[in-house]
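As the structure lists them, so they are numbered: ligands from 1, and atoms in each ligand from 1.
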Amino acid sequence: MAGSAVGLGNAWKFPTMVGNNGGSAFIVLYLLLTFGIAFVAFLAELSIGRLGGTDPVHSFEKLAPKNKNRWSLAGFFMIGAILIASFYMLVIGWILKYVFLSFSSLPNTTEEAGAMFGSLISNEFFNSFLCFTSVFCMVFFVVSKGIKSGIERLNVWMMPSLFILLIVMLAYSVSYTDGFIQAAKFLFIPDLCKITPDVVLSALGLAFFSLSMGVCVIPTYAASLSDGTNLVKSTLSIIFINILVGIMMGLVVFTFVFAYGADTTQAGPGLIFVSLATLFAKMGFVGNVLAVAFFISLLFAGVTSAVSMIEPFTFYLINKFKISRKLALTYIGVFVYILGILCIVSFYEPTSFTILNKSFFDILDYFTSNILMPIGAIVFSYFVGFILKKESLYILFGNFMNKLIFECWYFSLRYIVPIAILAIALYQILK
Ligand code: PHE
């Protein structure tokens, strides 16, 4: 689960959003919302998986025998994960391309770096296609091996590697004393004036995205947890690792940004693919080594998340139609591949197209992060808060929290969480 949670959301969205929303005040908010809201809803998603014990659709059916058909639809929020996978793997494809670029000479100025990134997206169809296809094969190969011998093995190996790479990079950034101190100040001294409604809502959105919530990933992984697992402690460790990686990434990225005077508010992928690529180039050979380490660690983080997006639907197809894992993955693969290629086509200049003024990539991103995920999270919280029996939840969590904490959790699951999520969803849609 930590492998799923830690991904491009922490590595790329987190530093970018911190940069754009005034630094530390954003982090304070992100922490408050993660513990106050996302934590509560995360436990609810875990309980669907633990009590249902199977794929999302069948878990909902089993847990709501009275309205089986209606509630089984809630399991189809897993389609959101498939949609995310298609554009997410394209971004991992760009990262793969940068791993190779880091072995040769990186662009020296931000203009050059911007032009290079722009050209990869809009002029180099074949390169984008090749990188996306390689990532696609890698991810589907891992999922084809199953949860235990594919996904779990990959995570057990990749997560510590990501951590070690990050520690090495962090240690290196400390040697840029001035930049490091500025980065630490930027990240840790809160400036509460920067908090606006917009910032609150984007922090909540990021908290959900970075914990992989609302699209059935958590219930699916939870279904294969062993009985003795301490759910509360595990959730806290996942959140802790998630935040730690985000902050470590933030420290590394901003140390270089400050040390070389780049712009902290650089939007979108710019911070990683443009600012950092330029900064690495300025460091000469050491920069190349760091760039390789950095992009490989991003690649690891992304692949373990992408794998988790494919598993829920695969698990469902296997159970529902009694087909083999390979066949289920073939169906899903064709769908995801076509969507991914459409994203590439929509960026490629000669064939580019937009829908309602947005690229196909942006539409998928907007529809999943701003519409499907928040609605999914509300539906799951409602289901656990109002449809599941309170006693079964107490049996599940009673060993890991005392009665008072359980009551607080239950209350906020029923009332605070749905209202807060509704606020974010409405704001995003009406804005
Ligand atoms: N949590 C992942 C990240 O931070 C993204 C993700 C979203 C993974 C939804 C699975 C499901 O990058």
Side-chain angles (χ1 to χ4, degrees), residues 1-18 30 33-34 38-39 41-42 45-46 48-49 56 75-95 135 139 142-143 147 151 154-155 158-159 162 166 202-222 235 238-250 268-269 271-272 297-316 332 336 364-377 380 421:
M1 277 190 226
S4 167
V6 173
L8 306 184
N10 316 61
W12 166 52
K13 271 197 177 185
F14 184 83
T16 313
M17 288 178 82
V18 170
Y30 175 81
L33 293 171
T34 297
F39 173 62
F42 194 95
E45 293 202 13
L46 277 184
I48 298 173
F76 285 96
F77 275 98
M78 65 190 171
I79 292 176
I82 299 284
L83 297 178
I84 298 176
S86 60
F87 69 85
Y88 198 88
M89 287 199 287
L90 181 59
V91 181
I92 307 178
W94 298 336
I95 292 170
V135 171
V139 169
V142 174
V143 185
I147 285 230
I151 300 177
L154 174 91
N155 283 310
M158 276 197 171
M159 287 300 288
L162 165 71
L166 267 178
S202 30
L204 186 59
L206 180 65
F208 279 119
F209 184 86
S210 71
L211 285 169
S212 314
M213 295 169 67
V215 284
C216 296
V217 167
I218 304 303
T220 305
Y221 273 13
T235 304
I238 294 165
I239 292 182
F240 177 73
I241 296 172
N242 203 30
I243 291 172
L244 193 66
V245 172
I247 289 184
M248 281 163 86
M249 278 284 178
L271 204 55
I272 302 287
S297 60
L298 273 188
L299 187 75
F300 285 6
V303 168
T304 52
S305 298
V307 158
S308 75
M309 297 169 195
I310 308 293
E311 178 60 19
F313 209 81
T314 311
F315 196 14
Y316 165 70
I332 298 172
V336 171
L364 281 179
D365 185 13
Y366 184 89
F367 179 65
T368 49
S369 313
N370 295 358
I371 299 177
L372 272 187
M373 286 182 122
I375 298 180
F380 300 165
I421 304 174

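Only the side chain of Tyr88 comes within contact range of ligand 1, with a heavy atom under 4.0 Å; no backbone atom does. Contacts with ligand 1 closer than 4.0 Å are made by backbone heavy atoms (N, CA, C, O) of Ala5 only, the side chain lying farther away.
Residue Ser212 has at least one nitrogen or oxygen atom sitting less than 3.5 Å from a nitrogen or oxygen atom of ligand 1, judged on distance alone. Close N/O approach between Met373 and ligand 1 is not found [any backbone or side-chain N/O within under 3.5 Å]. Considering backbone and side-chain N/O atoms, Gly9 comes within less than 3.5 Å of an N/O atom of ligand 1. For a threshold of 3.5 Å applied to N or O pairs, the pair formed by Ile84 and ligand 1 contains no separation below that value.
Side chain to side chain, Ser210 and Tyr30 meet the donor-acceptor criterion of an N or O pair below 3.5 Å. Under the 3.5 Å distance criterion, with hydrogens and angles disregarded, no donor-acceptor pair is assigned to the side chains of Ser4 and Ser305.
Near Val215, with a cut-off below 4.0 Å to any heavy atom, the atoms of ligand 1 are 9 (C), 11 (C). Heavy-atom contacts of Ser308 reach the following atoms of ligand 1: 10 (C) (cutoff under 4.0 Å).
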| said: Could you go through Cys216 and Phe76, starting from their C-alpha distance and side-chain angles, then the distance that decides it, and tell me whether this counts as side-chain contact (heavy atoms from CB on, under 4.5 Å)? | reply: CA-CA 8 Å; Cys216 296; Phe76 285 96; over 6 Å; no
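Among Val18, Val6, Leu166, the one residue that satisfies the side chain to side chain contact (heavy atoms under 4.5 Å, CB included) test with Met249 is Leu166. In summary, of the residues considered (Ile243, Ile239, Val245), a side chain to side chain contact (heavy atoms under 4.5 Å, CB included) with Ile241 occurs for Val245 alone.
Using a 4.5 Å heavy-atom cutoff, the side chains of Thr220 and Tyr316 are not in contact.
In terms of protein heavy-atom proximity, atom 1 (N) of ligand 1 is closest to Phe209 O, 2.9 Å. Nearest protein neighbour of atom 2 (C) of ligand 1, counting heavy atoms only, is Ser4 O, 3.4 Å.
With hydrogens and angles disregarded, no donor-acceptor distance shorter than 3.5 Å links the side chain of Tyr221 to the backbone of Ala2.
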